[in-house]
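Below you'll find the structure, written out as structure tokens, and then a few comments.
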Number of protein chains: 2
Amino acid sequence: MTENQIPDVVIARLPIYLLKLNQLLRDGQKVVSSAQLSEMIGIPATQIRKDLSWFGGFGKQGSGYDVIHLMDQLKNILNLDRIWQMVVVGAGNLGKAVVEYDGFRQKGFEISAVFDNEPDRIGSRVGHLVVQDVEDLESYIKEHQIYVAALTVPASAAPSVAEKLVKAGVRAILNYAPVRLLMPKNVEISNVDPVLSLQRMTFYLPRK
Amino acid sequence: MTENQIPDVVIARLPIYLLKLNQLLRDGQKVVSSAQLSEMIGIPATQIRKDLSWFGGFGKQGSGYDVIHLMDQLKNILNLDRIWQMVVVGAGNLGKAVVEYDGFRQKGFEISAVFDNEPDRIGSRVGHLVVQDVEDLESYIKEHQIYVAALTVPASAAPSVAEKLVKAGVRAILNYAPVRLLMPKNVEISNVDPVLSLQRMTFYLPRK
DNA sequence: TAGATTGTTAATCGATTAACAATC
DNA sequence: TAGATTGTTAATCGATTAACAATC
């Protein structure tokens with residue numbers, strides 16, 4: 001069963017295409033060529049075509065890609081033609097910001113619960129949610145069949161909470177804690193660590 | 001002048017090594033081998049050694065790397081043996097969270113000013129700072145020789161603000177707005193877009 | 001039809017990995 | 001010295017890019 005494995009880098013670019021297509025749609029553009037997309041997002045046209053061709057022929061020779069149609073296809077490929085329920089673990093400043101950020105819901109990720117272990121926080125309101133006891137995390141995930149979680153606990157607590165999440169059935173973790181979490185290979189993890197990004201960029205800055 | 005160009009992917013891994021070394025230091029470990037590091041962060045030992053060897057020989061055959069010495073070297077390479085002043089543009093929820101997040105300062109990135117264009121927000125306090133008028137952004141950057149900025153304005157405003165930043169002399173932008181910004185090639189940009197990360201991960205999740 | 005642009009093959013480029021001599 | 005682990009070369013692997021036939 002040698003599956004025609006699609007490279008991870010290709011998958012990572014699809015949401016970028018989708019983002020730009022959204023914008024084109026709002027601007028009322030009906031059709032777009034790979035050359036136009038290329039210029040707008042700074043990815044070579046050949047690469048865009050190659051990426052898309054992993055999944056089929058979505059374009060039309062001579063004219064380009066129908067914006068709406070391509071968006072639908074990408075959403076389907078990325079499993080985004082549905083709403084994903086998501087839990088947030090950690091109700092500190094970061095957790096609050098995540099819960100109150102509107103961008104997740106707008107793109108189909110609905111935060112359905114937030115958890116913490118601090119007695120002071122449990123029971124308090126964050127956004128439109130009430131903070132629940134992390135003791136109830138596993139049963140909640142199982143009962144509601146949650147696959148996606150955001151981790152906004154301190155670095156020290158992250159590994160053990162992540163393990164709990166995985167044990168309960170979570171398959172994708174958005175990790176805001178500044179640690180590298182080792183995951184079984186059937187669990188996806190994305191690290192949101194702006195400090196690492198800054199530390200990369202400073203390499204290229206003038207030393208003074 | 002064919003410079004021995006170091007790949008971007010290599011640079012991007014160095015802060016990860018640094019993060020883990022920090023942890024080892026706290027744990028009191030003095031020396032670490034590439035094999036140990038490998039196991040701890042899930043990057044092949046060969047790759048770690050290869051990455052480091054771009055910059056010189058930091059290890060000792062037979063024993064490994066001195067934790068403190070390697071940290072010092074990495075900090076030097078990444079230009080992290082100093083404090084970077086940073087401005088934040090956009091004082092909405094996201095901007096507030098960024099200003100109030102302690103992790104930047106801890107790692108040597110000091111937020112020295114925050115800007116917005118909303119009259120209601122200008123003059124109000126965020127963390128220990130007072131929100132300044134974005135009209136004064138360029139002069140502030142020039143006067144204080146700021147090279148690093150975080151962009152937490154709405155997507156629609158991001159491109160024009162980014163342009164202002166670059167014009168004033170900013171060379172590294174941490175972009176929180178959900179847009180791709182095209183930058184001159186002497187300006188570094190990192191996108192912090194958790195939604196894109198989620199949209200990548202859902203590809204791998206079971207469809208139901 | 002002529003012009004434009006896709007989808008795909010093949011060539012190139014660059015990054016990862018294996019292997020091992022050097023050396024602490 | 002013997003054992004361990006680095007630093008580096010060469011081989012492999014995989015991703016990007018160029019080129020162009022197919023086709024709208």
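So you know, we letter chains A, B, ... as the sequences are listed, proteins then strands, and number each from 1. Treat the numbers as computed from the prediction; the structure is a model and nothing was measured.
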Subject >> Secondary-structure notation, DNA chain D, from Watson-Crick and G-U pairs under 3.5 angstrom (| other strand) >> reply: ..||||||||||||||||||||||

Original post:
Counting N and O atoms only, with roles assigned by atom type, does the side chain of A:Thr152 sit under 3.5 Å from a partner on the main chain of A:Gly90, one being a donor and the other an acceptor?
Top reply: yes

Original post:
OP1 or OP2 of D:dA4 sitting under 4.0 Å from any side-chain N/O of B:Tyr65?
Top reply: no

**OP:** State whether the side chain of A:Ser34 and the backbone N or O of A:Arg49 hold a donor-acceptor pair below 3.5 Å, judged by distance alone.
**Re:** no

Original post:
Taking A:Asn191 for the side chain and A:Asp193 for the main chain, is one N or O donor matched with an acceptor at less than 3.5 Å?
Top reply: no

Original post:
Of the non-hydrogen atoms in A:Ala177 and A:Ala155, which two are nearest, and what is the gap between them?
Top reply: CB-CA, 4.1 Å

Review item, side-chain donor-acceptor pairs of residues 14-26 of chain B, under 3.5 Å, at least two apart:
residue: B:Tyr17; atom: OH; partner: B:Asp51; partner atom: OD2; Å: 2.6
residue: B:Lys20; atom: NZ; partner: B:Gln23; partner atom: OE1; Å: 3.4
residue: B:Asn22; atom: ND2; partner: B:Leu18; partner atom: O; Å: 3.4

**OP:** Only counting residues at least two apart or in another chain, list the ones meeting side chain to side chain donor-acceptor pair (under 3.5 Å) with A:Gln36.
**Re:** A:Gln29

Original post:
Looking at DNA chain C, which of residues 33-42 of chain A put a heavy atom within less than 4.0 Å of it?
Top reply: A:Ser33, A:Ser34

Original post:
Does the gap between the ring centers of B:Tyr101 and B:Phe104 come in under 6.0 Å?
Top reply: yes

Original post:
Would you find a donor on one side and an acceptor on the other, under 3.5 Å apart, between the side chain of A:Arg200 and the backbone of B:Ile11?
Top reply: no

Subject >> Nucleotide-resolved protein contact map, nucleotides 14-24 of chain C, B/S/- at heavy-atom distance under 4.0 Å >> reply: -SSBBB--BBB

**OP:** Nearest whole angstrom, please: distance from the C1' of D:dT6 to the OH of B:Tyr17.
**Re:** 15 Å

Original post:
In terms of side-chain heavy atoms, does A:Tyr140 have a donor or acceptor partner in A:Ser112 at a distance below 3.5 Å?
Top reply: yes

**OP:** State, with a plain yes or no, whether a side-chain heavy atom of A:Leu52 is found less than 4.5 Å away from one of A:Leu74.
**Re:** yes

Original post:
Do A:Gln106 and A:Asp102 have a side chain donor and acceptor closer than 3.5 Å?
Top reply: yes

Original post:
Any donor-acceptor pair under 3.5 Å linking the side chain of B:Asn79 with the backbone of A:Leu205?
Top reply: yes

Subject >> Donor-acceptor pair, side chain of B:Arg82 and main chain of A:Arg207, under 3.5 angstrom >> reply: no

Subject >> Residue-level proximity of residues 18-32 of chain A to DNA chain C when a heavy atom falls under 4.0 Å >> reply: none

